[in-house]
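Each remark here refers to the structure printed beneath this line.
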Amino acid sequence: MVISVLCIIMRSIYRLAELSQGWLGYLITYEKCFILLDAVIMAIAVGILAIFHFDDTYQLVHGWEDAIGSWRRSLSNNT
């Protein structure tokens, strides 16, 4: 999941550079840069998050009982 977060940070840096050039800048008008640095990076990030969902990885590390227990505790604390 760290790779997913790094991909999102890389995309944010790209978008910052892209928009700093304005609406007619090189990065915003050159489609290959957009596809590689925006679409592909986001596809990787979303794919990683879809495969390694936080809830699934938490349950693998801490077990089902701990996950259910913490969920029940959070419900009882909210009421």
Point to revise | Positive for side-chain contact (heavy atoms from CB on, under 4.5 Å) with Val5, one of Ile3, Ile8, Ile9, Val2 | key: Ile9
Exercise for review: Any chance you could measure Leu16, atom CG, to Gln21, atom CD, to the nearest 0.5 Å?
Suggested key: 10.5 Å
Point to revise | Residues in ring-ring contact (aromatic ring centres under 6.0 Å, His included) contact with Phe34, at least two apart in sequence or another chain | key: none
Review point. Hey, what do you get for OH (Tyr14) to CG (Leu27), rounding to the nearest 0.5 Å?
Key: 5.5 Å
Revision key, fill the gap. Here the pair of heavy atoms bringing Ala17 nearest to Ser20 is O-OG, 2.8 Å
Donor-acceptor contacts under 3.5 Å from residues 37-52 side chains, at least two apart:
unit_1, atom_1, unit_2, atom_2, d
Asp38, OD1, Arg11, NE, 2.5
Asp38, OD1, Arg11, NH2, 3.3

Check your understanding: Hey, what do you get for OH (Tyr30) to CD (Glu18), rounding to the nearest 0.5 Å?
Key -> 14.0 Å
